[in-house]
Amino acid sequence: MVTIISTMETQVSNGPSGTSLPNGPVISTNGSTDDSKTNLIVNYLPQNMTQEEFKSLFGSIGEIESCKLVRDKITGQSLGYGFVNYVDPNDADKAINTLNGLKLQTKTIKVSYARPSSASIRDANLYVSGLPKTMSQKDMEQLFSQYGRIITSRILVDQVTAGISRGVGFIRFDKRNEAEEAIKGLNGQKPLGAAEPITVKFANNPSQKTGQALLTQLYQTAARRYTGPLHHQTQRFSVIPSLGKGPDPNNSSNTILDNLLNASYGVKSSPALFPRFSPITIDSMTSLAGVNLTGPTGAGWCIFVYNLSPEADESVLWQLFGPFGAVTNVKVIRDFTTNKCKGFGFVTMTNYDEAAMAIASLNGYRLGDRVLQVSFKTSKQHKA
DNA sequence: TGGGATT
């Protein structure tokens with residue numbers, strides 16, 4: 001079996017249709033609301049992200065009218081995408097600008113305006129095989145674009161051959177009838193200069209997954225939850241979040257973090273540095289150091305982040321901690337009058353191993369001209 | 001011959 005470690009993909013602008021309108025919900029003459037400027041679709045969400053985490057992430061931008069993580073009807077498993085409808089169109093715009101491209105675990109999420117829901121846009125995804133290995137994603141799009149508007153395209157590439165095309169890809173059209181026309185026109189045809197004909201057919205639906213495949217997926221999801229991130233994940237993506245105003249991931253000043261991550265990511269946990277939560281640990285820590293470790297109090301593991309800049313906002317914390325695992329909440333503590341960050345914040349993570357990995361990796365991390373201090377949140381019981 | 005975009 002060949003492991004897919006990366007893919008190439010386009011980002012098609014999905015902007016709201018029509019002319020610009022004043023803020024707030026727009027009521028049309030037939031009574032339906034026009035949510036084209038407030039309703040977003042979010043793609044490539046991590047498989048284990050919950051509805052609550054989803055809402056927390058997008059709620060950090062502004063007031064949400066409604067949001068939904070789409071799940072499989074039968075298994076309840078996340079389908080990896082969801083919808084967020086904001087009250088204010090400005091917040092929808094802000095969400096696209098600040099959260100599109102955010103790295104969460106093994107995924108890079110995509111945030112764009114949702115197209116109006118309609119039967120005509122369903123089942124418009126095509127599976128293409130037999131592509132010449134030299135054909136780029138752009139070439140493929142050019143070939144298919146004569147049949148309609150392309151929403152996404154992707155060519156699968158192989159790890160061992162350093163990103164060489166596997167001759168297999170996907171094309172999603174805006175409309176199903178466009179996809180049908182593309183099949184009629186291109187299935188069994190040789191692209192210009194190609195030796196072999198390509199195969200074009202409708203792609204399988206996620207809900208058409210076999211029972212066996214679902215079991216495999218469930219097993220892998222469960223295994224990942226308990227053994228920590230897979231080693232190959234460090235190769236798929238830079239685990240160092242690329243922050244617009246932060247340090248350059250390619251800059252050598254981050255080599256300490258690089259090494260820490262590369263050393264840490266293949267292992268299950270760092271028990272010597274971060275002993276697992278247990279009553280004995282709490283007792284000894286409390287009595288010896290006058291410090292209480294915060295346990296998994298239903299909400300998860302609370303992490304204290306110190307030395308943030310006055311301009312820091314919630315999205316910085318999402319960007320820093322999101323790649324390490326499930327984050328349920330982030331909070332920047334601000335001065336009441338100036339609304340500037342007071343230099344610290346909190347992050348809540350669901351799983352101990354992921355929280356420990358985030359702390360081990362981000363404590364001492366240089367964010368701009370500041371060095372972060374990151375630890376489990378403690379509460380001083382007795383002042384020395 | 002296979003990722004995950006329409007509630």
Side-chain angles (χ1 to χ4, degrees), chain A residues 1-17 32-33 35-36 38-49 51 54-55 58 64-73 75-86 96 100 104 106-131 133 137 140 148-158 165-176 178-179 187 196-210 212-214 216-217 220-221 236:
Chain A
M1 185 183 117
V2 183
T3 308
I4 308 304
I5 57 124
S6 72
T7 57
M8 301 180 271
E9 196 193 349
T10 49
Q11 302 259 327
V12 173
S13 171
N14 234 358
S17 51
S32 66
T33 58
D35 58 9
S36 68
T38 56
N39 195 30
L40 304 179
I41 186 163
V42 184
N43 290 292
Y44 315 118
L45 291 166
Q47 167 60 218
N48 58 9
M49 185 177 228
Q51 165 79 29
F54 182 60
K55 186 174 184 181
F58 284 88
I64 291 173
E65 190 275 326
S66 63
C67 78
K68 183 177 198 173
L69 178 68
V70 180
R71 296 196 196 82
D72 185 279
K73 282 197 184 82
T75 67
Q77 289 270 300
S78 164
L79 292 183
Y81 68 92
F83 296 90
V84 181
N85 194 20
Y86 284 99
I96 291 173
N100 184 42
L104 292 176
T106 66
K107 305 284 190 177
T108 301
I109 72 169
K110 180 177 173 187
V111 185
S112 54
Y113 289 106
R115 290 173 286 163
S117 185
S118 136
S120 65
I121 67 174
R122 296 184 57 175
D123 305 314
N125 197 23
L126 297 179
Y127 171 72
V128 187
S129 58
L131 292 165
K133 300 284 197 282
Q137 181 194 36
M140 182 174 73
R149 179 187 170 206
I150 294 165
I151 300 300
T152 59
S153 75
R154 169 169 288 194
I155 286 179
L156 303 186
V157 297
D158 193 319
S165 165
R166 302 195 55 215
V168 168
F170 293 87
I171 295 266
R172 179 179 296 277
F173 279 99
D174 183 36
K175 295 290 187 318
R176 181 172 56 249
E178 295 169 346
N187 183 39
E196 301 299 326
I198 61 172
T199 300
V200 184
K201 57 190 206 180
F202 281 109
N204 293 335
N205 262 314
S207 52
Q208 290 164 354
K209 197 173 265 186
T210 65
Q212 185 59 55
L214 279 170
T216 305
Q217 187 199 308
Q220 286 172 344
T221 305
R236 284 191 64 168

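A note on names: the letters A, B, ... follow the listed sequences, proteins ahead of strands, and every chain is numbered from 1.
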Nearest-angstrom distance from the residue atom CG of A:Leu156 to P of B:dG2: 7 Å
State which of B:dT1, B:dA5, B:dT7 makes the closest approach to the side chain of A:Tyr127. B:dT1
Derivation and outcome, side chain to side chain contact (heavy atoms under 4.5 Å, CB included), residues A:Asn39 and A:Tyr113: CA-CA 6 Å; A:Asn39 195 30; A:Tyr113 289 106; over 6 Å; no
OP1 or OP2 of B:dT7 sitting under 4.0 Å from any side-chain N/O of A:Arg71? no
side-chain N/O A:Tyr44 vs B:dA5 OP1/OP2, d < 4.0 Å: yes
Spacing between A:Asp158 atom CG and B:dT1 atom P, to the nearest angstrom: 13 Å
Rounding to an integer number of Å, can you tell me how far A:Phe83 CZ sits from B:dT7 C1'? 5 Å
Is any side-chain heavy atom of A:Lys110 closer than 4.5 Å to a side-chain heavy atom of A:Val42? no
Categorize A:Tyr81 for me: base, sugar-phosphate, or nothing, with a 4.0 angstrom heavy-atom threshold over every strand shown. sugar-phosphate
Per atom distances to the A:Ala114 side chain, the nearest of B:dG2, B:dT6, B:dA5 is B:dT6
Below 4.0 angstrom from OP1 or OP2 of B:dT7, is there any side-chain N or O of A:Ser117? yes
Starting at NZ of A:Lys110 and ending at P of B:dA5, how long is that distance when rounded to a whole Å? 8 Å
From CE of A:Met140 across to P of B:dG2 the rounded distance in Å is 14 Å
d(CG, A:Leu79; C1', B:dT6) in whole Å: 11 Å
What's the CG-C1' distance between A:Asn85 and B:dA5, to the nearest Å? 17 Å
What closest approach, in Å, do A:Ala179 and A:Ala124 show between heavy atoms, and which atom pair accounts for it? CB-O, 3.8 Å
Sorted by position of nearest nucleotide on DNA chain B, 5' first, the leading residue of A:Lys201 and A:Val42 is A:Lys201
Taking CD1 from A:Ile171 and P from B:dG2, how many angstroms apart are they, rounded to a whole number? 17 Å
Presence of donor-acceptor pair under 3.5 Å, side chain of A:Arg115 and base of B:dT6: yes
Applying side-chain hydrogen bond (donor to acceptor under 3.5 Å, both in side chains), name anything that partners A:Glu196, two or more places apart in sequence or on another chain. none
Considering just the side-chain nitrogens and oxygens of A:Arg166, establish if one lies under 4.0 Å of OP1 or OP2 belonging to B:dG2. yes
Going by the rule side-chain contact (heavy atoms from CB on, under 4.5 Å), which residues pair with A:Ser129 if we only count those two or more places apart in sequence or in a different chain? A:Tyr127, A:Val168, A:Thr199
